[in-house]
Structures are given as C-alpha cells and as structure tokens.
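Protein chains get the first letters and strands the later ones, always in sequence-line order, with residue 1 at the start of each. Scope of the values below: all heavy atoms of this structure, side chains included, with no hydrogens, waters or symmetry mates.
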Protein chains: 2
Amino acid sequence: MTDPTPPAPTPLAPAQLAAYFALTEVSSLLQHAVEQQLKTDGGLTTPQFQILARLNSAGGRLRMTDLADGLVYSRSGLTYQAAQLEKRGLVTRTPGADDERSVEVTLTPAGREVLGDVFGGHIEVVQRLMMTGLADDDIAALNDVLGRLRDHMRSAPPRSAAPRAARRR
Amino acid sequence: MTDPTPPAPTPLAPAQLAAYFALTEVSSLLQHAVEQQLKTDGGLTTPQFQILARLNSAGGRLRMTDLADGLVYSRSGLTYQAAQLEKRGLVTRTPGADDERSVEVTLTPAGREVLGDVFGGHIEVVQRLMMTGLADDDIAALNDVLGRLRDHMRSAPPRSAAPRAARRR
DNA sequence: ACCACGTGCTTCGAGTTCGAAGCAAGCCTA
DNA sequence: TAGGCTTGCTTCGAACTCGAAGCACGTGGT
C-alpha cells in the first residue's frame, strides 16, 4: 500500500502563510465581536440571528427546509434553534398549509423588533472594529482580492474531486 | 443615566458591506475545507490542531496561559482540549518547574507525528483553495491590508470601552 | 385501493463549548 | 509572618452542536 506519489511538497511561501494566518485571525476576531454584540443587544446567538435575518428578507415566513438552505447548519440544529426562538415568541411554527409534514416558521412582530434592535449594533461593531482601521483604498483592495478569491473558492473542487469515477467504459 | 449620545448612525457604505461579506464568506469556506481535512487526515478538530501547531512552533512546550494567547478560545475549552490531546498521547501536562500553579504542555513524539501527517494536507488545501486563485500581488495586498487590520482589531477596545481594570502600581 | 418508498421534521445520545465558581500557589504590604 | 489580593488552571452546570434513528405524512406503481 505504499503510495508511489509522495504527499506533494507544496512549499507555501512565507508571505502566503502570513496572508493565510492574517485572514484567519481577522475573521475570527470579527466573528467573536459580532457574536458578543448579538448576545448583549438582543440575547441572540449567531444561528438565531441568521434565522431571523433570513426570515425577514424572505418576507417573514419560510418552511424549515427552505430556511435550512443557505444556513450553515444541521437540520437538527435548526429544529433546536427554531424551538428556542418560538419559546421567546420571536417566531411561530405552524403546520404547512398544503403539506401536513412541513412546518412553516413565521416571524412575529416581537421577532421583527428584536431584529431591529440588533441590526444597528451589528453594523456599529463592524464599523468600529473593521472600518476604522481601513482607508477607502484598503476597502477597494479587499473587495478586489477577496471577491475574486470567493469566486475561485466557490468553484473549486471539494478535495478528492473523484476525477476518475465515471471514466470506465 | 440615559446616554446623551444616540447609537451613532454609521451607515456602512455598500463597498464596506461587500468587503465584510466577502471576508466572512471566504474565511468560512476556507475554514470548512480545512476542518474536513484535519479530521480525515489526523482525526483532529480545529482547536486541537491549533494547539499542536502552536506548541510546535514554540519549540514543543508552553504553559497553558501562553498557549491561550493567540488562540481564540476560552480557558476552560483549552483545558478540555488539552485533556483530550493528553488522552490520545499527543501532549503531556506537567506542573511548571518554576511556578507550581502553572501547567506546562509538551508535545510528544506521537504529537509531532500526527502534526506531520496533517500538515502536508493542510498546506495542500490552503494552496489549492486559496493560493491558486491569487497572484503574488494579491498576496502582498492581503498581507498589507489584513496585517494592519489585525493589529487594529487586536488593539481595539472591547465595545463598551472599559479602560483596563488592572493597572500596575 | 394498497403498500413500499421518499420526504420533512423531530428526538436522542454523545461530544463540545462557554462563563462562573472553585482551588491552590505566589505576591505584596505592613 | 499574617492578611488579603492576584494569578493559573480546573471543575461544574447549562447550553449548543451534530449525525443517526424515529415518526408521520405524501406519492407513485400496480
């Protein structure tokens, strides 16, 4: 079972490593700060905020399945968080009208209000933590590079891209 | 005690928002890919890998406190993960030589080995997902902007600018 | 109409996370 | 040397996460 091709050298220049680490640290600091803000301003966790925000931009009502799309969450986690939000009265869960199996999650007025309370602080945190450290040029540079990088990553094959699975015959 | 200054409008220009979202998405894609790789190549979680990597680059031994610096992790979480790593024999924990309160975490040969197994794949993932999408200029730009941003964030006051509690002397 | 399969969501158990409280060793001041 | 404060780490309880298994409704083939 010795693999004939050694595990690929891939040097990664120091500058590349530094860029990678800087990216990692910056985003984790930012994420942490945002999490903090959500909690103190609205008693929300990140997933809860995401659920509310997604509901809001979808007009206030979505089925669980549709809610799950675009959220980076497991199904069971979504169920759990939806239950939490329902307990707090920020959403309601009702059986789907057309399909008895499905559950429709609806944003309540209270939910909208909390979301409103939180949004301002959210922006403020990003502003203070990120934007005050950057000039307009920097923002432009980030948009340019990260924008391209995002597109690149989205289209990248997921690791062992099974390049030979369908070649037989 | 009503605060006389309203919560500052701070609009966040579209370009700023775009930069924020791009940063968020890029790092979350990268993080996800790396997490996957760590798990399949070495059975490590991200925090565990961070601990091992940090130990390694510090010569193989660090006190818990020093280990905590630079890790975006709670103290108790660090204790927990250190215990996990010790169970697997990848590190040892011994009372500090000079200070009885402290605990020195030491990378074992087995730990180094696992780290070695994982590092190649780790670099490979970063290389493939991130670096192939960027020119040298881009790397330089990222280093410049993100480097400054990191420094800025590190020194930013934690929201309700509480002026340092512990002042020597 | 039947019945096997698919779909939508929830429940369950195990593992991980955090903050607060706890404990023990060092440090300061008198 | 005593007293109280600080520091370094762990323990504890509660909350959150995931994947697997479970339940109930829907759908399609016969």
Please state how far atom [atom1] in [X] lies from atom [atom2] in [N], giving the value in whole angstrom units.
X      : N      : atom1 : atom2 : result
A:K39  : C:dC18 : NZ    : P     : 10 Å
B:R75  : C:dA20 : CZ    : P     : 15 Å
B:L71  : C:dC18 : CG    : C1'   : 16 Å
A:L38  : D:dC16 : CG    : P     : 14 Å
B:L44  : C:dG15 : CG    : C1'   : 16 Å
B:E104 : D:dT7  : CD    : P     : 20 Å

Set of side-chain hydrogen bond (donor to acceptor under 3.5 Å, both in side chains) partners for [X], sequence neighbours left out:
X     : value
A:E25 : B:R154
B:D66 : B:R63
A:T94 : none
A:T46 : A:E35

* Asked: Looking at residues 79-99 of chain B, who's got a heavy atom less than 4.0 Å off DNA chain C?
  -> B:Y80, B:Q81, B:Q84, B:D99

* Contacting residues from residues 46-64 of chain B, given that a heavy atom lies under 4.0 angstrom of DNA chain D -> B:R63, B:M64

Can you list everything that forms a salt bridge (charged side-chain N to carboxylate O under 4.0 Å, His left out) with [X]? Sequence neighbours excluded, please.
X      : value
B:R61  : B:E104
A:D144 : A:R148
B:E86  : B:R93

* **Main-chain N/O of B:A140 paired to B:N143 side chain as donor or acceptor, under 3.5 Å** => no

* **Sugar-phosphate only, base, or nothing, as touched by A:S102 at under 4.0 Å among non-hydrogen atoms** => sugar-phosphate

Output side-chain donor-acceptor pairs under 3.5 Å for residues 109-118 of chain A, partner residues at least two apart or in another chain, one line each.
residue: A:R112; atom: NH1; partner: A:N56; partner atom: OD1; Å: 3.3

* To do: Answer yes or no: side-chain N or O of B:S74 and base N or O of C:dG19 forming a donor-acceptor pair under 3.5 Å.
  => no

Enumerate the protein-to-nucleotides 1-6 of chain D contacts in which both atoms are nitrogen or oxygen and the separation is below 3.5 Å.
none

* If you round to the nearest 0.5 Å, how far is CG of A:L30 from CE of B:M153? -> 4.5 Å

* Would you please name every residue forming a ring pair (Phe, Tyr, Trp, His ring centres under 6.0 Å) with A:F49, sequence neighbours left out? => A:F119, A:H122

